[in-house]
Amino acid sequence: MRTSIQVGTLIGIPIRLHFTFLFILVGIIGGFATLPATEYRVPLGLGGIPMSPFVRYSLATAAAVLFFFTLLLHEMSHSYVAMKFGTKIHSITLFFFGGLAMMEDLPKSPREEWRIAIAGPLMSFALGGLFLLTSWLLKLATLIFGVPASVLRPVTILVFSLGFLNVGLGVFNLVPAFPLDGGRVFRAFLATRMPFLKATKRAVLVGKIFAVVMAVGGFLADPITFFLRGEVVSGNFWFPLLAVFLFIAATEEENATATFAALEGVKVRDVMRTERTSVPEGATVAEVAKKMLEERTVEFAVVSEGGELRGFVTWEDIKKVRPEQHLTALDVVARAERGGGAAFESVEEFVFAEEAAAVALKKMMKSRRKVLAVRDAVSGEFVGIITRRDLSDYIEMLR
Ligand SMILES: [Zn+2]
C-alpha cells in the first residue's frame, strides 16, 4: 500500500509526504488560528485577537507551511551530514510526528552517527533562535515606529510560536531515548566502548523505558499544560500515542540492526536457492500453482526457453488470476509490470552470488521486493534466486 506521495526533490533527495502528515498540518493550522495568545506563559496562536476569519486562517496557514519547511530543514541537515560521509539518502518522509530521513546504510562509525544525529537538533535550535530574534525585532519595531499593535502583533505572535516550536523540537529530540536523535548520539557513545549490536540493544532499552514513562506520565498529567501554565491537569492520549510510536520504531530498528549484524560475512551464495527456482515462460497459471504446491514455494523466476530471465511470479499474483483467463507465467509478469504488482521484478534487479547477503536484503527493502535474481559475476548467467523468506529462515537458524 502506498501511504506517502513524493512532492519534490531537494539536492537530489526525494521528499515525500505521508498521509498522516495531512492531519498534523490541519491540526497545526487550527492551533495557530485558535490557541490563546495571552492565557499562557507564552503566546501560541491568534486566539483572542480580534480579526476576520479569513485573515486569521490565512496567517495560520502561512505559519503552518513555514513549520513544514523547518521540519524539512531539520531532516535535510541530517541528510546533508550523512551525504558528506558518503551515505546515500533514499528519501525524506514527513509524517504525523515529524520527519524521517531514510539512509541506505547503517552508520559506518560512531563518529559519523553522532554527527549526523546532532545536525537535526542544531538546525532546529538555529531556526528557533532566528524566529525568536525576529519576533523580538518585530516587537521593537512596533514600539519604535509606532506601528499600530493590531498590524504587526499577529505576525509577531506566529513568528514567536514558530521559534518556540523549533526550540521545543530541538530539546525533545535531544532526549537520549532511541530512536530520537539524542538516542542515536547515546548509541554512538556506547558504540565506542562495545560492539554496535550491543550498543543498539542498550540504547533501545533506554528508549523503551523512556517511552513507557512518557506514556504513563502523559496519560496521568499533561506535561505541556504544566509547562505553559504551571498547572497539573489530567493528561490525554497524545503522549501515550507518541510513546507507542517511539516504542515500535525502537523495536524495529533493533531488529534491523540484529538482522544485519547476523548477516555479517554471509554471502548471497550461502543463502540463495538453486533448485525450485524457475518456471518456463509458457507455463500456464494452473501449472505454476501446481508446481508451487508441489515444491512448497511461493515464488518462481520466469525464464525463456533460452534460459533468459523474464521476471517473477509469486503466489500473490497467481491468486489474482481467474482460471478461465488462461494466462501464462509470462502474461502474469506482464500484468504485474503494468499494474505495478508486487511480483514484478525488473530484470535489472539482481545480485551477484559473491555479494554480501546484506546487499540483497537492502535491495529488497528498498524496492519492497520479496525475491531477487542471482547472477554469476563472471558469466552474468542466472544461477538462482534469493527470497526474503530464505533470508529470514537463514537468520533464524543462525540464531
Ligand atoms: Zn532529527
Side-chain angles (χ1 to χ4, degrees), residues 4 7 10-18 20-21 24-25 28 64 66-85 87-131 162-191 199-200 203-204 206-208 210-211 214 238-239 241-254 256-257:
S4 61
V7 288
L10 262 176
I11 56 169
I13 304 167
I15 310 295
R16 306 185 65 87
L17 284 187
H18 194 255
T20 52
F21 184 74
I24 200 83
L25 199 63
I28 288 172
L66 264 176
F67 183 63
F68 159 87
F69 279 106
T70 61
L71 278 183
L72 196 57
L73 280 168
H74 175 110
E75 295 308 324
M76 288 298 291
S77 47
H78 286 308
S79 307
Y80 180 75
V81 177
M83 283 161 85
K84 284 260 163 195
F85 279 106
T87 297
K88 267 196 178 170
I89 309 298
H90 177 252
S91 61
I92 289 176
T93 306
L94 293 178
F95 56 101
F96 208 173
F97 288 119
L100 186 69
M102 289 258 299
M103 320 217 169
E104 294 199 347
D105 285 303
L106 291 176
K108 287 183 276 295
S109 69
R111 199 179 85 99
E112 176 182 334
E113 171 155 52
W114 79 258
R115 286 184 185 212
I116 294 172
I118 204 81
L122 287 183
M123 175 57 90
S124 293
F125 286 135
L127 288 167
L130 206 66
F131 280 120
L162 282 169
F164 181 72
L165 277 175
N166 269 285
V167 172
L169 201 70
V171 171
F172 180 70
N173 266 299
L174 279 184
V175 173
F178 203 81
L180 294 174
D181 295 332
R184 291 181 190 281
V185 174
F186 181 50
R187 169 168 77 175
F189 168 75
L190 292 177
T200 304
V204 165
V206 173
K208 283 179 175 174
F210 173 75
M214 185 165 80
W238 284 110
F239 274 87
L241 192 65
L242 177 54
V244 168
F245 167 78
L246 286 177
F247 197 97
I248 293 171
T251 310
E252 275 179 6
E253 185 131 353
E254 184 180 10
T257 309

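One-based numbering, in listed order, for ligands and for the atoms of each. Scope of the values below: all heavy atoms of this structure, side chains included, with no hydrogens, waters or symmetry mates.
Distances from the Zn ion (ligand 1) to the N/O/S atoms of D181 are shortest for OD2.
Draw a line from the Zn ion (ligand 1) to NE2 of H74 and another to NE2 of H78, and the angle between them is 100° (to 10°).
Between the NE2 atom in H74 and the CG atom in L71 there is a gap of 8.0 Å [rounded to 0.5 Å]. To the nearest 0.5 angstrom, L94 atom CG is 11.0 Å from H18 atom NE2.
Residue side and main chain included, E75 places no N/O/S atom under 2.8 Å of the Zn ion (ligand 1).
A salt bridge does not link E112 with K84: every distance from a Lys NZ or Arg NE/NH1/NH2 to an Asp or Glu carboxylate oxygen is 4.0 Å or more.
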In sequence, state the C-alpha distance, the side-chain angles, and the governing distance for R184 and W114, and then conclude on side-chain contact (heavy atoms from CB on, under 4.5 Å).
CA-CA 6 Å; R184 291 181 190 281; W114 79 258; over 6 Å; no
